[in-house]
There are 2 protein chains.
Amino acid sequence: MSRGIPEATVARLPVYLRVLRELDSEGNDTVSSVHLAELAGVNAAKVRKDLSFLGSYGTRGVGYEVPYLIFQMSRALGLTHERGVVIAGAGHLGQALANYRGFSDRGFNIVAMIDVDPSKIGMKMSGVSVVGPEDVVDVVNAHPGCIVVIATPQSAAQAVADRAISAGVKSLLNFAPGVLTVPDDVRVRKVDLGLELQVLSFYAEQQERSSAGAKSA
Amino acid sequence: MSRGIPEATVARLPVYLRVLRELDSEGNDTVSSVHLAELAGVNAAKVRKDLSFLGSYGTRGVGYEVPYLIFQMSRALGLTHERGVVIAGAGHLGQALANYRGFSDRGFNIVAMIDVDPSKIGMKMSGVSVVGPEDVVDVVNAHPGCIVVIATPQSAAQAVADRAISAGVKSLLNFAPGVLTVPDDVRVRKVDLGLELQVLSFYAEQQERSSAGAKSA
DNA sequence: TAGATTGTTAATCGATTAACAATC
DNA sequence: TAGATTGTTAATCGATTAACAATC
């Protein structure tokens, strides 16, 4: 029994896919693991290993057929059919996400925004209807398998997640800082802007200290 | 010669710090690795190992002094002094970042936004002045060690990065999809919204296929 | 056939975690 | 002292990568 595709591999598939689409639009019919690796910024053996999890779609001595690999990869990622995305929080971040390019051409369809602000409810923002929190269940029911993006303040994040989960949502993308508590069968991915800045700050600090040390030495 | 703190550890420090601040505000004087691990959602041995990279700040039989650990961790992360942040791109995402809470109380100071739109240049958005691209050098010089956040469309991202780097910037946070080419001494962290959704889509698809399979079996 | 490149095995590397001596 | 908990070592685990037989 296969243990499934490793997380690290799954996270690289979208990178390969972006590169492959670019190659395709430039008219490339085939690509070798070495070339694909270079464009994706990874090791060629890693590319071959990653792709082998999807199946044996290459040809020895030749490489991979670009359009076919795009198809297989899109299929694996579930991008060959529409998937609904609900954005919770119609603030700047929510609007930025609603405006984000490259959603629709990957099969993602923003079906609604949710906000508590009565002055926003009923409006359309970037072509997306804003509804109140009590409508989450209806929206989720109308779009089975949809992903809920939490772009609310931290104070509202858990409540929004709870409501979405009780409506049947299994996938959350969380932009609020802090941890969400969810059942085992719900998958959460987290984007933490503060964390990213702090990591950069750590390395910047290191660099500054070592160069200050070199100066005084 | 120490090989430096592992990347994975550095990325967990901000998580520990958030938990520690919470504990502190609740009046906890000390915390054990077991408790801290629980709150941070990681293994206790990992916590002890991670913290040991910072130094021996715990007391056997007792645990870690919360305020002291906060201080040491903040120092390691370079959060005990101000650091400038420049946001390139004054669209929805840029504004969302300018509004983001938890920057200032971690020492991050948004010093300017950059945009090409003449109607935005000269304005203040969320209290931050918007300047034109040609002013990047001045802003960066006025705030040595600052971090540049790229919240522009992909088409402008590399040019913005190049300009910032030539002005001396060493840390970039990139929200544009696609790869940035930068010199070795420049550190880039990337947040890729499309990638996150595609990863969620992969697992959602798997879940749906297996439950469909179970149904037909 | 000769050259190229995959798919996979086996080696390497690094990160996680269990275990425990040190010690408060 | 007895109990608790750190700091660190050593074992485990998983991911990366080099190497190469298979094969186009």
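A, B, ... follow the sequence lines: proteins, then strands. Residue 1 opens every chain. All values derive from a computational prediction rather than experimental measurement.
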S.K.: What's the separation between atom CG in Leu193(B) and atom CG in Leu93(B), rounded to the nearest 0.5 Å?
M.R.: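 Reported value, rounded in 0.5 Å steps: 7.0 Å.
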
S.K.: Which comes earlier along DNA chain D counting from the 5' end, the contact point of Ala45(B) or that of Val42(A), where each point is its nearest nucleotide?
M.R.: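 It is Ala45(B) whose nearest nucleotide is closer to the 5' end.
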
S.K.: Strictly distance-based, threshold 3.5 Å: is any side-chain N or O of Gln95(B) a donor or acceptor partner for the main-chain N or O of Ser126(B)?
M.R.: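 Such a contact is absent between Gln95(B) side chain and Ser126(B) backbone.
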
S.K.: Do the non-hydrogen side-chain atoms of Val182(A) and Ile165(A) ever get within less than 4.5 Å of each other?
M.R.: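 Yes, at least one pair of side-chain atoms sits under 4.5 Å.
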
S.K.: Under a 3.5 Å cut-off on both pairing distances, which runs of 3 or more consecutive Watson-Crick or G-U pairs involve DNA chain C?
M.R.: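 Only these stems qualify: C:3-24 with D:3-24.
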
S.K.: Measuring only between side-chain heavy atoms, which start at C-beta, is Tyr203(B) closer than 4.5 Å to Glu7(A)?
M.R.: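 When only atoms from C-beta onward are counted, Glu7(A) and Tyr203(B) do touch, with a gap below 4.5 Å.
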
S.K.: Taking CD in Gln154(B) as the centre, count heavy atoms belonging to other residues, nucleotides or ligands within less than 6.0 Å. Is the count above 12?
M.R.: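 Counting other residues, nucleotides and ligands, CD of Gln154(B) exceeds 12 neighbours.
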
S.K.: State, with a plain yes or no, whether a side-chain heavy atom of Leu20(A) is found less than 4.5 Å away from one of Asp24(A).
M.R.: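 No, side chains not in contact.
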
S.K.: OH of Tyr64(B) to CD of Gln72(B): how many Å apart, nearest 0.5 Å?
M.R.: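 Tyr64(B) OH to Gln72(B) CD: 13.0 Å, rounded to 0.5 Å.
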
S.K.: With Phe103(A), which residues qualify under ring-ring contact (aromatic ring centres under 6.0 Å, His included), at least two apart?
M.R.: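 Listed in chain order: Tyr100(A).
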
S.K.: Residues of residues 53-68 of chain B with any non-hydrogen atom less than 4.0 angstrom from an atom of DNA chain C: list those, numerically ordered, please.
M.R.: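 When residues 53-68 of chain B is checked for heavy atoms under 4.0 Å from DNA chain C, the hits, listed by number, are Thr59(B), Arg60(B), Gly61(B).
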
S.K.: Do Ile87(B) and Val128(B) come close enough that some side-chain heavy atom pair is under 4.5 Å?
M.R.: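 Counting from C-beta outward, Ile87(B) and Val128(B) never come under 4.5 Å.
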
S.K.: Check Thr152(A), Val149(A), Ile150(A) against Phe175(A) for a side-chain contact (heavy atoms from CB on, under 4.5 Å) and give me the one that passes.
M.R.: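 Option passing the side-chain contact (heavy atoms from CB on, under 4.5 Å) with Phe175(A): Val149(A).
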
S.K.: When you measure from every atom of DNA chain D, which of residues 11-40 of chain A have a heavy atom less than 4.0 Å away?
M.R.: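 Only Arg12(A) qualify.
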
S.K.: What residue pairs, at least two apart or across chains, pass salt bridge (Lys or Arg N to Asp or Glu O under 4.0 Å) with a residue in residues 71-92 of chain B?
M.R.: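 Qualifying pairs: Glu205(A)-Arg83(B), Glu208(A)-Arg83(B).
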
S.K.: Of all nucleotides in DNA chain D with an atom under 4.0 Å from a non-hydrogen atom of chain B, which is the first and which the last going 5' to 3'?
M.R.: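 Extent of the interface on DNA chain D: dA4(D) to dT9(D).
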
S.K.: Are any non-hydrogen side-chain atoms of Val86(A) and Val136(A) less than 4.5 angstrom apart?
M.R.: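 Not touching, per the 4.5 Å side-chain cut-off.
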
